[in-house]
Amino acid sequence: MPILLNWMDKLHKNKQFERKILTDNIVKNILFVVTILCASVIVFIVLFILLRGMSPFINGYEINGKIYTVDIFKFIFGTTWFKTPNLYGVGFIIVNTVYVVSLTLILAVPISVLTALFITRIAPDKVGKSISYIIELLASIPSIIYGLFGLGVITTVVKNLSNFFGYQSAGGISTLSSAIVLAIMIIPTITMIASTSIKAVSQDLINASLALGASPTQTNFKMVLKSARSGIFSGIILGVGRALGEATAISMVAGNSGNGPTFNFFDTTRTLTTTMLLGLKETTGLDYDIRFSVGIVLIVIIIGSNILLNFFNRKLEK
Amino acid sequence: MRRIKDFILNGITYVSSGIGIFILIAILVFIFRNGFGSLSMSLLTSDYYQTTYNTNIIDSTFYKLGDFEDPKIENSFFSETWGISLKNGNNVAGEKIVEINYVAVSSPFKSMNDVATGEKREIGKGYALSKIIMTNENDDFIMALAKDGAEEVVKKLEQATIITDMIASTGGGGIRGSLLTTLYLIILTLTLALPTGICAAIYLHEFSLNNRLTRFIRIMIDMTSGIPSIIFGLAGAVIFIPFMNGVINSNGGSIASGALTLTLILLPIIIKTTEEALKVIPVNYRSASLALGASKTQTIFKVVLPNAVSGILTATLLSIGRIIGESAALIYAVGTAIKDNVAINEKSTSLAVHIWSLMSGENPNFALASAIAIIIMIIVFILSISVKLISQRLNKIKVGN
Amino acid sequence: MLRRFIGLILLLTISVVLVGCGEKEKTIKVYTRDTTSGTRDGFFSTIGFSEAVTDNTVLADGYVEVDSNGGMITAVKNDEFAIGYISLTSLETANVKGLSFNGVKPTEANVLNGTYALTRNFNYIVGNDFTNQTEAEIVEAFLAFLTTSDAKSTIISEGGITEINNEDPSWNDIKADYPISNKDNSEITIKFGGSTSVEKIAKALSAEFSAKCGNFIFEHNHTGSGDAYKRTQGSEKSGTNALHIAFASRDFKDSEEATLGTSGKICIDAIVAIVNKINDLDNITEVTMKKIYDGTITKWGEIE
């Protein structure tokens with residue numbers, strides 16, 4: 001009898017155990033499915049944009065009674081955004097985008113790296129902390145406000161600057177204004193990552209440098225920055241991603257030049273994102289679908305630049 | 001020599017850091033200088049569009065010449081016949097208007113016939129008159145328009161005996177609709193994104209094995225966070241707008257399609273932040289729970305998650321900040337039409353897109369745009385400070401362990 | 001390697017700036033609306049440069065495209081050497097200088113007497129077959145309403161240019177012919193759309209007429225003149241985007257032939273060429289205007 005009871009008890013416990021395993025398994029599987037869904041978001045996004053964005057090159061669109069299809073070759077190498085026979089060209093816009101982002105980096109990288117150095121190594125603890133908090137606040141400001149600021153302040157400054165050089169700009173709406181607005185927006189990104197990587201430089205290395213007779217400043221600029229270069233470069237990669245993809249703020253200050261490329265600082269420009277955003281009303285047809293094609297180009301450039309820069313970064317580490 | 005060089009090098013780091021501070025101050029000064037004047041409680045609670053009333057006074061018994069006494073308000077013109085005082089002004093769109101700034105107690109304007117309802121309506125102080133059609137004793141047609149200016153309108157009013165048709169409007173310029181839309185977007189998006197993101201974070205941290213699939217999943221999620229928001233907007237426009245048109249019978253973009261798009265944007269952020277919070281929870285909490293006979297599911301939902309609450313809160317606050325600031329994605333996935341009557345299955349603008357619409361519309365309105373910017377900044381700063389406080393607490397717990 | 005690369009970029013950009021600074025003459029900066037704009041259509045058609053209506057490539061080098069009336073005003077206000085064009089309605093508050101066209105000042109009087117030539121018509125078109133009788137009657141009453149002094153004064157107060165004659169009836173005079181206006185129509189939705197330039201006038205008209213015609217619900221979805229015919233009588237007339245009443249800021253094309261009695265003119269809109277306040281130019285001729293926009297004239301000094 002006790003044996004039977006014992007056995008039944010065991011059976012009962014086993015059942016409980018099995019049920020636990022079962023629920024665990026169910027929960028695990030549900031969570032797994034959700035996770036896979038989250039991970040596949042990017043696939044869906046790229047797939048659907050690709051489908052829609054290829055449509056202008058495949059399907060015919062009616063404009064004023066005639067049927068048009070965009071020539072993909074002329075699209076990629078075109079130097080005019082819109083003209084009736086060949087329709088859309090995005091080549092010069094790609095060049096403009098890369099140019100504006102390079103300018104942005106020239107402005108933003110020195111400032112960000114030096115600020116990061118100041119926060120982590122030069123400033124007194126409290127000052128460093130409060131400045132890094134200000135940088136975090138800057139990072140949290142929405143881009144539309146940067147755009148408003150750009151339109152209200154930076155374009156005026158740029159306009160005066162161009163007048164000083166004796167050049168007429170379109171009210172300050174220009175390549176330079178775009179680069180400055182973008183630089184302001186990516187400085188927090190680069191600074192935050194750079195300061196993390198500067199913090200990570202080992203104290204032993206720094207002590208060694210100091211012991212060898214280098215002054216603290218020399219140590220900071222030669223040794224610390226060199227050791228943190230890979231981390232700083234990762235920050236720059238992130239900054240480039242943000243600058244390439246930023247849309248609202250830059251389209252308020254970039255202008256809308258129809259052909260190009262534009263290299264002059266004070267001329268209006270047109271980047272991939274401004275092309276997608278400007279003139280967007282409740283349009284349908286080709287003018288709407290072509291924006292998806294521009295989107296594809298943007299995705300390709302972002303991924304491409306990411307791969308390229310990461311390749312450089314790996315070289316830098318060696 | 002070396003000291004001078006060091007001094008210069010140090011100096012430029014000071015200058016660089018100064019730039020960051022300078023920019024923040026410049027932005028704050030700029031938006032406050034432009035927008036502070038327009039900031040008021042009524043900005044938050046009133047509609048963007050004006051309410052318009054179509055009224056008349058056909059009963060000529062009201063007509064009593066010179067009955068009313070001029071209150072002599074500066075810069076305004078008084079009609080002795082009708083007992084109202086008018087002044088020139090500008091509306092939210094920057095257009096010229098003629099505004100009533102005084103109505104005598106027994107003025108006929110206190111009880112006009114409302115054409116739409118057939119009832120009496122007072123057209124009082126603060127109303128803008130856009131057109132008045134009148135007739136005089138000889139039944140001649142007289143027309144007064146807002147663009148004539150207050151003086152001219154009063155002159156014409158003095159000649160009239162009957163007002164056959166008058167359009168007056170009040171209110172307008174508020175952001176109640178956009179405020180509501182932002183709130184809807186936050187609630188909808190969070191109800192979708194938080195559970196999904198937390199589930200994924202739990203799987204990745206508690207269940208997943210460190211194999212190739214998991215690494216692949218992580219890479220995919222990291223890549224999603226690198227996609228710019230305008231691309232999410234395109235995706236929202238091409239995936240969710242048609243989907244929602246089918247499901248809730250919307251016509252084009254809607255708050256629902258916007259919320260779904262925002263969900264995609266937020267997932268990587270929520271997953272990452274939640275996972276960080278899960279990492280902080282000591283392993284022995286889990287072992288203790290499991291040793292006491294709790295199943296893994298019970299452990300996760302009763303022990304792990306409650307301890308990760310502050311991390312999840314951080315994720316929520318970050319998400320709210322992102323939703324409030326998002327513009328490019330919503331321009332595509334919802335649209336840019338400002339609305340007063342907000343519904344989930346219709347287009348309307350969040351605060352950020354409201355600024356975009358104002359600036360890209362027919363008459364850019366810097367003052368109102370800056371006022372909205374101030375509101376957004378205040379919310380964003382509060383969120384950012386809260387995140388900071390929570391993460392400091394989190395750090396203390398970490399150190400304590 | 002990296003340092004040399006950065007140095008190269010710096011050198012390149014500096015040289016580009018220096019090259020750009022060479023021009024000291026006052027070049028005309030040409031501003032235009034985007035190709036979907038009705039104002040652009042009206043402007044280029046009138047100055048005899050109809051190739052430019054939908055094609056940017058024929059425009060002068062360095063032209064700037066803006067996508068709204070307001071954008072144009074802001075741009076010209078900020079640029080001393082700009083030339084652009086806006087709707088006459090916005091001129092008064094715009095703080096820019098409006099130019100006379102062929103010696104005629106841009107005023108409403110000159111538009112009405114026909115001397116100011118830079119104008120375009122605002123037209124309406126309504127659907128030609130309604131399944132719902134009430135909707136059909138409301139649309140019919142609306143067309144009658146457009147001829148009244150009530151509607152015309154509203155059009156004028158919203159910036160349209162039209163004349164009110166003494167013969168024009170008021171709504172009260174003709175209301176009795178349209179019994180639908182005495183019913184409660186608050187369940188009926190009438191959809192308006194078409195040109196964005198006419199949106200303001202259309203909204204004022206619909207709001208006023210709703211109050212006078214049983215409080216019907218009015219919905220506005222303005223997407224451009226091109227959709228006016230398409231969504232009332234054309235290919236989309238029975239789709240989800242179908243409209244009851246639509247407006248176009250240009251005349252209807254031959255391919256957009258409306259059923260008799262379903263379309264017409266509601267008012268005239270004048271377009272005015274604008275320059276910055278400090279510019280001393282006051283008048284411009286049709287020929288000069290075309291030469292500026294096609295790039296034959298590039299300097300302010302070249303205009304006589």
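Proteins come first, then strands; the chains are lettered A, B, ... in the order of their sequence lines, and each starts at number 1. Computed from a predicted structure; not experimentally measured.
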**Message:** Heavy-atom pairs under 4.5 Å with chain C: which of Asp165(B), Asn56(B), Thr164(B) has the most?
**Reply:** Asp165(B)
**Asked** Crowded around Lys105(C) NZ? As in, over 12 foreign heavy atoms under 6.0 Å?
**Response** no
**Item:** From Ser153(C) atom OG to Ile167(B) atom CD1, the distance as rounded to the nearest 0.5 Å
**Value:** 7.5 Å
**Message:** Strictly less than 4.5 Å between heavy atoms, which residues of residues 137-150 of chain C line up against chain B? Please order them by number.
**Reply:** Ser149(C), Asp150(C)
**Asked** Is Ile156(C) close to Met143(B) at the side-chain level, that is, under 4.5 Å between some pair of heavy atoms?
**Response** yes
**Request:** Mind ranking Asp168(C), Thr154(C), Val66(C) by heavy-atom pairs under 4.5 Å with chain B and telling me who comes out on top?
**Result:** Thr154(C)
**Request:** Give a yes or no on whether Asn165(C) atom CG has more than 12 heavy-atom contacts from other residues, nucleotides or ligands under 6.0 Å away.
**Result:** yes
**Request:** Give, for atom NZ of Lys152(C) and atom NZ of Lys131(B), the distance between the pair rounded to the nearest 0.5 Å.
**Result:** 12.0 Å
**Prompt:** Roughly how far, to the nearest 0.5 Å, is NZ of Lys203(C) from OG1 of Thr52(B)?
**Reply:** 11.5 Å
**Asked** Quick check: are there more than 12 heavy atoms from other residues, nucleotides or ligands sitting under 6.0 Å from OH of Tyr178(C)?
**Response** yes
**Asked** If you round to the nearest 0.5 Å, how far is OG of Ser157(C) from CG of Leu129(B)?
**Response** 11.0 Å
